[in-house]
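Heads up: the structure comes next, in structure tokens.
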Amino acid sequence: MEATPENLENPQGSRSWIAARAGADDALVRDLTGPQREAVLCTQGPLLVLAAAGSGKTRVITRRIAHLLATGVKPWQILALTFTNKAAGEMRERIGKLLEETAGGGGAVRGLTVTTFHSLCARLLRKYAEAAGLKPDFTIYDSDDQSKLCKKVIEQLQLSTANFPPRSVLSAVSRAKNELMDAESFAARATDFSSKNIARVYKAYSAALRAANAVDFDDLLLLTARTLERNAQVRGECQARWRYLLVDEYQDTNRAQFLIAAMIAGDGERASGGELPASSLPGVEDEEEGEGTGGTPVPRDGIGKKVGPNICVVGDPDQAIYGWRGADISNILDFERSYPGCRVITLGENFRSTAPILEAADTLIRHNKRRKHKDLFTSRKGGEKPEAILTSNEKAEARVVADWLKARHEAGAAWRDMAIFYRTNSLSRVMEESLRAFNVPYSIARGTAFYDREEVRSALAYLRIVANPADGVSLSRIINVPARGISKATQDVLEAFAERDEMPLMEACRGAGGVAELNARAQAAVAKFVAMVDAWTGGGTFMGSDISGSLADLVDRIIRESGLRAMYVAQANTSKSETDAERVDNLDELVSSARQFEQEYDAAADAANDPLAADGLVETPPLLAMLRAYLESIALVADADSVDPTQGSVTLMTLHAAKGLEFDSVAMIGMEEGLLPHSRAISMPVAGDAELEEERRLCFVGITRAMRRLLMTSAKYRTIRGVPERTIPSRFLGEIPERGLIVSDQSETFAEDYDAPAGGWGVDTGRYSPPRGGGFSAVSPSSGASSGSGSSSGASRGPAGEFPVGSKVRHPQFGLGIVESISGGPSPRAVIKFKDVGSKTMVLEYARLVRVQG
DNA sequence: GTTGCCAAGTTTTTT
DNA sequence: ACTTGGCAAC
């Protein structure tokens, strides 16, 4: 049966629908293919859209939402969940444009909820804080905060942080949370010494989070899922409000996200004691159901017209790359089982890439065994084959890529249409240096970088205790930054006090005057600190003559009155180091970011984005509400959010961040065993090579981002953590047939000598002297197709021999200096006397020294 | 109480 | 290499 709107009940009444059908709607589907059109028009009941890479997925989603609105569905009845904020923003924008073009009036976007799972959950948890066991002013802890708290908890439990490193304990806890396992059920499962203790930490860590009125990333999902599950009223309100649910990148949802979506979607009728869908994949264990997780909605089948809730999920199992984060690919593979009456539409036609690129992607992904095959096809003809280049080392690789990009640019491609992908962030560094040397404008997709800086983190810590005084981790970070006479000893006393009376650290600070263990000076220092914070918050009211009501003003005031700014100004004056001057700038930049947020917030953001604005948070002072929203927006930024295609620069990013994007020309660097596939995925043999297959999908994602040109590079030697290592080209290159790839071995080209062009950067110390032969044989026997002239500037130069005593050198950071002495051994060191900063000992191999003539 | 030096861990991917 | 945290000296 065709589940078109014609034969399904239209809850909004047919009048507006008919009107829309006649006019605007035609424009929405006119230029779509059959399956695309179907995905847009099939609005009622569960729908699974298997959208291959480049199949026009975003277009379909936006049209679908516009179509829903055109048929009379109210914007606030629609909930669209995306993977990143950026994707959400773009989608909202595109829908707005569509509506202006077709329906006339972009105002309809207002009230539409397009957001990420994490943002939605943060909002829901604030609104339903009480039901979730939280207070609405909770702080969202990032991984750094988590580590600090976890470490503290481990110490309190008298466990050694050597046996229980906070980070690995946290990853176990995270895994548990992703499977909706709370501390109790985790403990129930723990059998051995180690996991029993991890269970103890989990429990204490959760308690500590609650005491700090904080949640971590996983809690956002876990607590929301649990609240929806256990609280019929909350669930009912959400179901009543959102009648049309759309989930993008469904292949990367985890168990908690699956449940959240399923519970919000509801089904009109709830089954009790329902079971989660079991995996149909071989090799995947059925998850044992935890206690008390009954009530999962089970859509009913075939009764009446309605076959289930209006939930549309869009995704591509071949692009599932977040398994390590708890994403469960069976969510999408088993969607048909979860929603028996659902409709499945496959979008297989690729509109993005040329045939040779698509073919490379297709042959690669066919190597995955646990896979539902989907035919990828394009009607486009022609196009260049992807290239694979083997270089001598990572510097030569970076140079080759820069050359390639320049050539593309000269051929007419804009910088912004090019991108460089890599498996690990550490690979960006060498690439950056090369791009700088070649004057190629670039930007790195690292949304969190700014907020990760020490000075910014400190400023934010101040803001966080203003918003949430119980936030102990933030308080500890700044209580004595800048130094204000509250020593570690004093802090320990206060900490112990807080612990004993089970109150937040800030409360203990308030009572410091009566603590006998503290001397008068310490008491006074603490009292002064408390008074300072109180002045900022207006004693918690966020009102009064002293409070301007402006967020930017508050941020500015805090970085000044706390002494933070002055501290960095002083540091910048004494050290003259460039990074210290930057720190002051960064603090000022933070004020600007607050100002910008404030303006956008004032404009419309809250009304448009807050899913529950209508009956929102009453009695919250406006400044506090704004501060919360600001901190939340910062906590939930993703790397991919900072990708700005309007910038005229090449974008560098990880393969993970590249998901969902497209570029005319793409270079994938580090195509080596151990990097892609990553060693962690190879070394641990997992049933069915699950991790290896995920790496292959990651490679597939990278390839399918390219529209017209693709370059994949591999370096014969790569310096990893300071040690040059021989590499093996990625097996994935070998999996793409030779005829589909232009392979060239340029590993001899710059093997002996690598020099950046004039004004250039580091020199190669000659530590790479690759063995002759070897070639690119893992990929292709056709080696030696080197281009360019390998300008071997002579003899082999040992690192030590290059810098004789007395020679002048330049260090990128310390400037000019003279080599005073050299020590031999396996890692020769030199004492360099610098003009500006005095003598330093450095390992020649690592110090980026350049010999200077004269 | 504060500052500076040394040791250790670090590098997979991220909301 | 690079940052972070712990400890010892001022």
Side-chain angles (χ1 to χ4, degrees), chain A residues 81-88 115-122 140-144 146-148 151 161-162 165-168 171 174 177-178 215-222 249 252-254 256-257 320-327 421-430 445-448 452-454 480-491 519 521-522 525 579 632 634-641 653-659 670 674-684 691 694-695 697-698 701-702 719-723 812-813 827 842-843 845-848:
Chain A
L81 294 169
T82 61
F83 207 69
T84 62
N85 296 303
K86 182 176 165 272
T115 185
T116 64
F117 265 104
H118 286 84
S119 293
L120 174 78
C121 291
I140 300 169
Y141 274 4
D142 63 24
S143 60
D144 194 61
Q146 287 182 63
S147 297
K148 289 204 160 117
K151 181 160 177 270
T161 51
R167 291 183 128 255
S168 53
S171 80
S174 176
K177 286 186 177 181
N178 282 327
V215 299
D216 61 23
F217 282 120
D218 301 317
D219 280 340
L220 287 172
L221 304 176
L222 172 73
E249 307 285 9
D252 284 321
T253 53
N254 65 23
Q257 289 166 318
I321 55 176
Y322 283 96
W324 52 272
R325 204 168 82 180
F421 302 154
Y422 34 80
R423 175 68 233 264
T424 66
N425 280 306
S426 57
L427 295 189
S428 73
R429 209 191 156 118
V430 177
R446 288 250 232 107
T448 53
D452 277 342
R453 291 171 189 248
E454 172 199 305
N480 201 34
V481 177
R484 52 170 68 90
I486 305 175
S487 72
K488 185 73 178 47
T490 303
Q491 289 176 50
N519 62 36
R521 214 164 83 178
T579 52
E632 183 182 300
I634 289 170
L636 300 178
V637 287
D639 281 352
D641 292 342
M653 69 185 95
T654 62
L655 283 161
H656 283 88
K659 189 175 74 164
L675 275 173
L676 186 68
H678 196 271
S679 50
R680 298 284 274 259
I682 310 170
S683 59
M684 278 191 284
E691 300 199 21
E694 181 156 309
E695 296 290 310
R697 291 193 293 268
L698 198 49
V701 165
T719 303
I720 294 164
R721 252 224 232 79
V723 185
Q813 195 183 342
S827 59
M842 24 189 61
V843 179
E845 206 176 343
Y846 305 136
R848 287 168 289 166

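So you know, we letter chains A, B, ... as the sequences are listed, proteins then strands, and number each from 1.
Closest to the A:Arg680 side chain, of the nucleotides B:dT15, B:dG1, B:dT12, is B:dT12. Checked against C:dG6, B:dT15, B:dT2, the side chain of A:Asn480 finds its nearest nucleotide in B:dT2. With B:dT14, B:dT11, B:dT12 as the candidates, the nucleotide lying closest to the side chain of A:Thr654 is B:dT14. Side-chain atoms of A:Arg521 lie closest to B:dG1 of the nucleotides B:dG1, B:dT2, B:dT15. Side-chain atoms of A:Ser426 lie closest to B:dT11 of the nucleotides B:dT2, B:dT11, B:dT14. For A:His656, counting side-chain heavy atoms from C-beta on, the closest listed nucleotide (B:dT15, B:dT12, B:dT13) is B:dT13.
A:Leu698 places its CG atom 10 Å from the P atom of B:dT14, with the value rounded to the nearest Å. In this structure, the CD atom of A:Gln257 is 16 Å from the P atom of B:dT14, given to the nearest Å. Protein atom CZ of A:Arg453 is 12 Å distant from nucleotide atom P of C:dT4, rounded to whole Å. In this entry the distance linking CG of A:Asp452 with P of B:dT11 reads 13 Å, nearest Å. A straight line from CZ of A:Arg167 to P of C:dG5 spans 11 Å, rounded to a whole angstrom. Atom NZ of A:Lys177 and atom P of B:dT15 are 18 Å apart (whole Å).
Summary of the strand contacts: A:Ile486 and A:Leu221 both lie near DNA chain B, and taking for each the nucleotide with the nearest heavy atom, the more 5' one is attributed to A:Ile486.
Once the 5.5 Å centre distance and the 30° plane angle are applied, the aromatic ring of A:Trp324 is found stacked with the base of B:dT13. In this structure, A:His118 does not pack face-to-face on the six-membered ring of B:dT15, missing the 5.5 Å centre cutoff or the 30° plane limit.
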Criterion ring-ring contact (aromatic ring centres under 6.0 Å, His included) on A:His678 and A:Trp324, from CA distance to verdict
CA-CA 13 Å; A:His678 196 271; A:Trp324 52 272; over 10 Å; no
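The CZ atom of A:Phe83 sits 9.0 Å away from atom OG1 of A:Thr253, with the distance rounded to the nearest 0.5 Å.
In terms of phosphate contacts, A:Arg429 brings no side-chain nitrogen or oxygen within less than 4.0 Å of OP1 or OP2 of B:dT11. Residue A:Asn425 has no polar side-chain atom (N or O) positioned under 4.0 Å from OP1 or OP2 of B:dT11. Checking the phosphate oxygens (OP1, OP2) of B:dT12, no side-chain nitrogen or oxygen of A:Thr424 falls inside 4.0 Å. Phosphate proximity of C:dA8 to A:Lys488: absent, as no side-chain N or O sits under 4.0 Å from OP1 or OP2.
When atom types are taken as modelled, the side chain of A:Glu632 and the backbone of A:Ala122 share no donor-acceptor pair closer than 3.5 angstrom. Under the 3.5 Å distance criterion, the side-chain polar atoms of A:Asn254 are matched with a main-chain donor or acceptor of A:Gln257. One N or O on the side chain of A:Arg697 and one on the backbone of A:Ala320 form a donor-acceptor pair closer than 3.5 Å.
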